[in-house]
Amino acid sequence: MKLFSFRGGIHPLERKERTRDLPIEVMPMPKRLYVPLQQHIGEPAVAIVSAGEKVRRGQLLGGSAGKVSAPVHSPADGVVVEVTEFASPHPAALPVTTAVIDVDDEQTPWQAPGEDPFTLSGEELARRIREAGIVGMGGATFPSAVKLDQARRHNVDTLIINGGECEPYLTCDDRLMQERGQQMLIGIELMLRCLEASRAVIVVEDNKEAALANLRRLCTNPERIRTVSVPTRYPQGSQKQMMQSVLGREVPAGAHGVELGAIMHNVATAFAVYEALVLGKPLVSRIVTVGGGAVARPANLEVPFGTLVSELLAHCDAAADGDGFGYERLLMGGPMMGQWLPHPEVPIIKGSSGIIALSEEETRVTLPQPCIRCTRCVSVCPSGLLPLELAKRIRKDDFEAAAELGLSDCIACGSCAYVCPSKIPLVQFFHYGKGQLQARRVQSRKLERTAELASAKETRMEAIEREKAEAAAKRKAEQAAKKAAEAAAAATEE
Ligand code: SF4
Ligand code: SF4
């Protein structure tokens, strides 16, 4: 199969050597789970359980709240202690509605559905994927069924399965491809059936030799499902870059991959489809890489959602420091596109591919220096942007000019900041600029709405005044007519 390449990109230090050979280990079930109802992009799920209620493993805790939403299920048998606001894995640990569950000592096994999923229609498969709460597990957490429905409407013919895992430290997808490749392929076949698409291409970076070898051995019909190796280069795993690598076509700004006849899902999403449709297990757990220099015993752990990050760190012997853990910085996901966590008392959710506790040595901070216009940032930007010019405009609060330079096309991959010799925190500028533009758009929509309401009120008031004036004129005319009639009658009598 002919492969292509994408522009820009970098080769950051991989730092995968400590976990890539560690088999998936099942994390012991915690005594208490904190399951947020917002674990995906879109509307949060709506709680349908309350304090004191007994729940079964796989039971719905929160239902979908709209077209772009996903249900949330209980990862364990237990009792709901409360449904309350609890810190989420966000840089500010923003509180979100969370079901707190005290877990039973014994857990009931999963019950496979009676029928063969390969006898179900594409529509029915999409419905079951939606009901299982499956979202993009590469970090995007977009509800998978919404993406599949879009692709079904566009008649896509190629399903791209993303096994790139180009973020440093992370090896959870690598281990999944090595250990659960057969189940993943069943998930891919079911997705192909759902899409009525003709082929799937599993794309794996060439630094994952064991995963590539395993999948190539398992893919016995390469016309239907093919495994391809692509050169290791960050951000290979981003949707637009991977589509370019596989199809040789650039997804235009503002467009979707489905418009080019292809759709991309992560390897872990394909495995989740297998678990839901074959084993009857909705999305309630995932594989998480726990690593970083502050972790003594790194691991690839299968973790139920709602487990606190602090429990993962304790399980992996993260260095202790007084009352807390001895890391310098903690992040969820990889260091390039992951989120910094202010503390570890937040739960693992559907998009948590990694928990990385960085040591002081790994986070040596260098103060930013002035831009020397070396243009290294330009040459590595996979979106073809001018990061130095974008940052210059954002620094001057000229957000509209940054928007004109394509700020919305920035995928926040961090390649520019990684190569910048002046250590300018470019991605922080871009997050800030996007936030300001979004806030201005919201503000301008509010102002437009207020102006619309004011204009509607003015029109209503004018109509009322007009009606009043017409009624007064009518009354006056009636009175005049009455007086004239009375005067005429009096004249007749005389
Ligand atoms: S890489 Fe850094 S120093 Fe070089 S042009 Fe870009 S922003 Fe300036
Ligand atoms: S963070 Fe944005 S501007 Fe910087 S390299 Fe990535 S896409 Fe380009």
Side-chain angles (χ1 to χ4, degrees), residues 4-14 41 91 136 138-140 142 162 164-170 205 230-245 249-257 264 331-340 351 353 364-438:
F4 304 85
S5 184
F6 63 91
R7 88 156 69 80
I10 54 172
H11 295 93
L13 280 178
E14 289 182 14
I41 285 185
F142 190 79
N162 180 1
E165 199 171 50
C166 53
E167 273 272 3
Y169 290 94
L170 303 186
E205 285 195 336
V230 290
T232 299
R233 184 154 55 112
Y234 179 86
Q236 183 77 251
S238 288
Q239 173 149 313
K240 288 191 174 181
Q241 282 60 44
M242 189 156 278
M243 290 227 167
Q244 215 168 335
S245 291
R249 275 174 268 164
E250 190 169 337
V251 183
H256 293 286
M264 187 174 94
L331 58 105
M332 183 173 277
M336 300 300 290
M337 293 179 90
Q339 304 228 48
W340 297 107
S353 48
R364 217 171 281 141
V365 180
T366 316
L367 287 177
Q369 300 297 316
C371 172
I372 55 169
R373 301 192 69 79
C374 65
T375 69
R376 282 193 210 172
C377 53
V378 179
S379 58
V380 299
C381 178
S383 301
L385 301 173
L386 303 171
L388 75 165
E389 295 295 337
L390 283 172
K392 192 168 144 192
R393 279 152 184 79
I394 293 167
R395 206 183 267 123
K396 288 184 189 161
D397 281 354
D398 193 352
F399 305 110
E400 296 305 331
E404 275 168 30
L405 277 180
L407 179 60
S408 62
D409 292 331
C410 166
I411 57 169
C413 67
S415 301
C416 50
Y418 187 85
V419 296
C420 176
S422 297
K423 298 294 168 214
I424 299 171
L426 293 161
V427 187
Q428 286 171 32
F429 277 114
F430 305 150
H431 281 311
Y432 172 69
K434 283 181 187 176
Q436 287 295 317
L437 278 172
Q438 176 65 11

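In each ligand, atom 1 is the first atom listed, and ligand 1 is the first ligand listed.
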Considering the heavy atoms of [X], write down every atom of ligand 2 situated less than 4.0 Å from one of them.
X: Pro382; answer: 5 (S)
X: Gly414; answer: 1 (S), 6 (Fe)
X: Ser383; answer: 7 (S)

Quick one: nearest non-hydrogen protein atom to [atom], plus distance?
atom: atom 3 (S) of ligand 2; result: Phe430 CE1, 3.5 Å
atom: atom 2 (Fe) of ligand 2; result: Cys410 SG, 2.4 Å
atom: atom 6 (Fe) of ligand 2; result: Cys413 SG, 2.4 Å
atom: atom 7 (S) of ligand 2; result: Ile411 N, 3.5 Å
atom: atom 8 (Fe) of ligand 2; result: Cys381 SG, 2.3 Å

Answer whether the closest heavy-atom distance between the side chains of [X] and [Y] falls below 4.5 Å.
X: Gln241; Y: Arg233; value: no
X: Lys434; Y: Cys410; value: yes
X: Phe4; Y: Arg249; value: no

Counterpart residues, side chain to side chain donor-acceptor pair (under 3.5 Å), relative to Ser379 (two or more places apart): none

Under the side chain to side chain donor-acceptor pair (under 3.5 Å) test, residues paired with Tyr234 that sit two or more places apart: none

Worked check of side chain to side chain contact (heavy atoms under 4.5 Å, CB included) between Phe430 and Cys416: CA-CA 11 Å; Phe430 305 150; Cys416 50; 3.9 Å; yes

Summary of salt bridge (Lys or Arg N to Asp or Glu O under 4.0 Å) pairs that have at least one residue in residues 370-382, sequence neighbours excluded: Arg373-Glu389

Within 6.0 Å of CD in Glu14, more than 12 heavy atoms from elsewhere: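 Buried by this count: over 12 neighbours within 6.0 Å.
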
Thr375 neighbourhood, listing ligand 1 atoms whose heavy-atom distance to it stays under 4.0 Å: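 Within the 4.0 Å cut-off of Thr375, ligand 1 contributes 4 (Fe), 5 (S).
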
Under 2.8 Å from atom 2 (Fe) of ligand 1, the protein N, O or S atoms, given as residue and atom: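 Atoms qualifying: Cys420 SG.
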
Gap separating the CG atom of Leu367 from the OG atom of Ser422, nearest 0.5 angstrom: 12.0 Å

Distance (rounded to the nearest 0.5 Å) between Ile394 CD1 and Tyr432 OH: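 Rounded to the nearest 0.5 Å, the CD1-OH separation comes out at 9.5 Å.
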
Pro235 contact mode with ligand 2 (heavy-atom cut-off under 4.0 Å): neither

Closest approach of Ala417 to Ile424 (non-hydrogen atoms, all atoms of both residues):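 Closest heavy-atom pair between Ala417 and Ile424: CB-O, 4.1 Å.
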
